[in-house]
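Order of listing sets the numbers, starting from 1, for every ligand and every atom in it. In what follows, residues are counted from 1 in the order of the sequence shown.
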Amino acid sequence: MSEPLSPILVTGGAGFIGSHLVDALLAQGHAVRVLDNLSMGKRDNLPLDHPRLQLIEGDVADATLVLQAVAGCSAVVHLAAVASVQASVDDPVSTHQSNFVGTLNVCEAMRQHGVRRVLFASSAAIYGNNGEGQAIDEATAKAPLTPYAADKLASEHYLDFYRRQHGLEPAIFRFFNIFGPRQDPSSPYSGVISIFTTRAQQGLPISVFGDGEQTRDFFYIADLVELLLQALAAPQVVEGAVNVGWNQSVSLNQLLGEIGSLFGGLPAVSYAPPRPGDIRHSRANNQRLLECYRPPSPTSIRFGLQQLLGLS
Ligand code: NAD
Ligand code: UD1
């Protein structure tokens, strides 16, 4: 009889990014273990009857559970977090448990079990407004404006400590704005593309926070999954954080224009005051990404929106 496969642990694997990665890992023949508290993630995002998939329902803030979840794994992809920046502004104490304590628990469990490779979902939010509208490279001074960003930056530092001290192999990705199917639109804290497209589909009014001229570097989910698979398979881990964006700036008003052109019009759009801690412009210098990985050709926003809406 052949040895059972060592699973790859995907924390937050029932969520938007995680569930796409889980599908891809299963398709590659891996065994996958998901640890998710289902606060945002859903069972329906996962093929639960797959023989190589195991779901542990629980919290990354629970050190004992994380220790159990990491046992026997070959690698970890640590995605579990409260992904909303605004949620961290409203509830810093509770989001800190998920967004920072969870990372520390993962590091410690990996150290105890001798698991080395970990992919980590950091964020462009750690740069704050230091990009000043220009493409931001990884060496740009960090200016976390929110508890979310502070927790991501602290997590990066702890991963680096565990790398130096305990031989962990962290591949740190600073995602810019990822979009695609399964991004949950149901909370006011959800990603802007999921909210705007759902509301446009349902003919419901759209609120823009600020003047709509803030910009983001939107990155399609399938392109991201490709990078994560490469990072798991790479013989050598890429040292230091890598921005994940396409070095492009799309304003919310331009985004609304695209969505409107796909639907042949938009519902009422109103403009409200900006959110506290909201970043004005966010655009990746992606030189390191191009040097360290083999990214696929970029999925355009229009094609990504068509895929998301089932129009192509
Ligand atoms: P998501 O909310 O769909 O996924 C996060 C998952 O983590 C959810 O399934 C949720 O239930 C789970 N989770 C949250 N807290 C948990 C906890 N304490 N214990 C266990 N599970 C918990 O969001 P996403 O967009 O898929 O984000 C995945 C990761 O990528 C997050 O770390 C997020 O901060 C990061 N990220 C996302 C983006 C983006 O644009 N979507 C950009 C930068 C970074
Ligand atoms: C997003 C991610 C965050 C990630 C960061 C990296 C989510 C929920 N947030 O944060 O995890 O770390 O990118 O760049 O995935 N807006 C509106 N109307 C709405 C909703 C949002 O105008 O109904 C605006 C926001 O005020 C903001 C922009 O749209 O200016 C983007 O918001 P959001 O999608 O929440 O993303 P980020 O805050 O950039």
Side-chain angles (χ1 to χ4, degrees), residues 10-21 34-43 45-46 56-62 65-66 69 77-89 94-99 101-103 105-106 119-127 136 145-146 148-149 151-152 155 173-180 182-185 187-196 198-199 205-219 221 224 243-245 251-253 255-256 269-284:
V10 183
T11 72
F16 158 50
I17 295 172
S19 64
H20 285 279
L21 178 66
V34 166
L35 173 61
D36 198 302
N37 66 0
L38 303 182
S39 55
M40 281 297 279
K42 297 188 193 67
R43 289 173 175 278
N45 285 343
L46 293 169
I56 301 174
E57 192 179 332
D59 207 297
V60 286
D62 177 344
L65 185 65
V66 174
V77 184
H78 180 43
L79 302 173
V82 177
S84 164
V85 175
Q86 185 63 34
S88 81
V89 171
S94 135
T95 56
H96 180 72
Q97 291 299 313
S98 299
N99 294 1
V101 175
T103 308
N105 286 340
V106 166
L119 275 45
F120 176 63
S122 186
S123 167
I126 67 170
Y127 300 115
I136 308 165
L145 297 175
T146 54
Y148 173 88
D151 282 336
K152 289 291 184 188
S155 292
F173 290 98
R174 293 180 183 151
F175 301 162
F176 281 61
N177 289 58
I178 315 298
F179 75 104
R182 296 188 201 152
Q183 194 167 25
D184 184 349
S187 136
Y189 293 156
S190 300
V192 68
I193 289 189
S194 69
I195 294 178
F196 283 4
T198 306
R199 296 188 76 81
I206 287 174
S207 293
V208 175
F209 301 117
D211 60 7
E213 289 305 305
Q214 66 264 51
T215 57
R216 293 293 185 271
D217 192 339
F218 293 106
F219 200 96
I221 181 68
L224 174 65
N243 285 341
V244 178
S251 71
L252 294 195
N253 290 328
L255 176 66
L256 285 170
V269 176
S270 62
Y271 290 82
R275 283 175 166 169
D278 202 28
I279 288 170
R280 183 71 177 159
H281 297 295
S282 178
R283 173 181 186 159

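- Protein heavy atom in closest approach to atom 3 (O) of ligand 1: F16 N, 2.8 Å.
- The protein heavy atom nearest to atom 5 (C) of ligand 1 is A81 O, 3.6 Å.
- Atom 34 (O) of ligand 1 has its closest protein heavy atom at Y148 OH, 2.7 Å.
- Protein heavy atom nearest atom 43 (C) of ligand 1, with residue, atom name and distance: F175 CB, 3.2 Å.
- Judged as a side chain to side chain contact (heavy atoms under 4.5 Å, CB included), and not counting sequence neighbours, the contacts of N105 are A63, V66, V101.
- In terms of N/O distances under 3.5 Å, ligand 1 is not approached by V82.
- In this structure, the side chains of F218 and V192 come closer than 4.5 Å at one or more pairs of heavy atoms.
- Judged as a ring pair (Phe, Tyr, Trp, His ring centres under 6.0 Å), and not counting sequence neighbours, the contacts of F219 are W246.
- Short contacts between ligand 1 and S122, defined as distances under 4.0 Å to a heavy atom of the residue, involve ligand atoms 43 (C), 44 (C).
- Neither the backbone nor the side chain of A124 has a heavy atom within less than 4.0 Å of ligand 1.
- What sits closest to atom 37 (C) of ligand 1 on the protein, heavy atoms only, is I17 CD1, 3.9 Å.
- Taking a cut-off of under 4.0 Å to the non-hydrogen atoms of G58, the atoms of ligand 1 that pass are 19 (N), 20 (C).
- Here's the thing with D36: one of its N/O atoms is less than 3.5 angstrom from an N/O atom of ligand 1.
- Among all protein heavy atoms, the one lying closest to atom 42 (C) of ligand 1 is F176 O, 3.1 Å.
- Taking N253 as the reference, E213, Y271 meet the side chain to side chain donor-acceptor pair (under 3.5 Å) condition, with sequence neighbours excluded.
- Counting heavy atoms from C-beta on, the side chains of Y148 and V82 never come closer than 4.5 Å.
- Of the possible donor and acceptor atoms, none in the side chain of T146 sits under 3.5 Å from a partner among the backbone N and O of V89.
- Contact annotation: for F179 versus ligand 1, there are no heavy atoms closer than 4.0 Å.
- Of all the atoms in ligand 1, the ones that sit under 4.0 Å from a non-hydrogen atom of N177 are 40 (O).
- Within the model, atoms CZ of F179 and CD1 of I193 stand 4.5 Å from one another, a figure rounded to the nearest 0.5 Å.
- Protein heavy atom in closest approach to atom 35 (C) of ligand 1: A121 CB, 3.8 Å.
- Less than 4.0 angstrom separates some heavy atom of L38 from each of these atoms of ligand 1: 11 (O).
- Residues I279 and Q214 are not in side-chain contact: their nearest non-hydrogen atoms beyond the backbone lie 4.5 Å or more apart.
- Heavy-atom separations between A14 and ligand 1 include at least one value shorter than 4.0 Å.
- Atom 15 (N) of ligand 1 has as its closest protein heavy atom S98 OG, 3.6 Å.
- Taking distance alone, with nitrogen or oxygen atoms compared against 3.5 Å, V60 approaches ligand 1 more closely than that limit.
- Residue G15 has at least one nitrogen or oxygen atom sitting less than 3.5 Å from a nitrogen or oxygen atom of ligand 1, judged on distance alone.
- Atoms of ligand 1 found under 4.0 Å from any heavy atom of S39 (numbered from 1 in listed order, with element): 10 (C), 11 (O), 13 (N), 14 (C), 15 (N).
- Smallest separation of non-hydrogen atoms from S39 and D36: N-OD1, 4.3 Å.
- Ranked by closest heavy atom to atom 18 (N) of ligand 1, the top entry among I56, L224, D59 is D59.
- The aromatic rings of F120 and H78 lie parallel to each other, with less than 30° between the two planes, well short of the 60° mark.
- The CE atom of M40 sits 11.0 Å away from atom CZ of F16, with the distance rounded to the nearest 0.5 Å.
- Contact annotation: for K152 versus ligand 1, heavy atoms closer than 4.0 Å belong to the side chain alone.
- Smallest separation of non-hydrogen atoms from Y127 and N243: OH-OD1, 2.8 Å.
- Against a heavy-atom cut-off of under 4.0 Å, L79 is close to the following atoms of ligand 1: 28 (C), 29 (C), 31 (C), 32 (O).
- Ranked by closest heavy atom to atom 20 (C) of ligand 1, the top entry among V10, I221, L46, N37 is N37.
- If you look at ligand 2, the protein residues with a non-hydrogen atom under 4.0 Å away are A83, V85, S123, A124, Y148, F175, F176, N177, Q183, Y189, S190, G191, V192, I195, F196, S207, V208, F209, Q214, R216, L252, R275, D278.
- For ligand 1, the atoms sitting less than 4.0 Å from at least one non-hydrogen atom of M40 are 2 (O), 8 (C), 10 (C), 11 (O), numbered in the order shown with element in parentheses.
- The proximity of D184 to ligand 1, defined as any non-hydrogen pair under 4.0 Å, does not occur for either the backbone or the side chain.
- Of all atoms in ligand 1, listed by their number and element, those nearer than 4.0 Å to a heavy atom of G41 are 8 (C), 9 (O), 10 (C), 11 (O).
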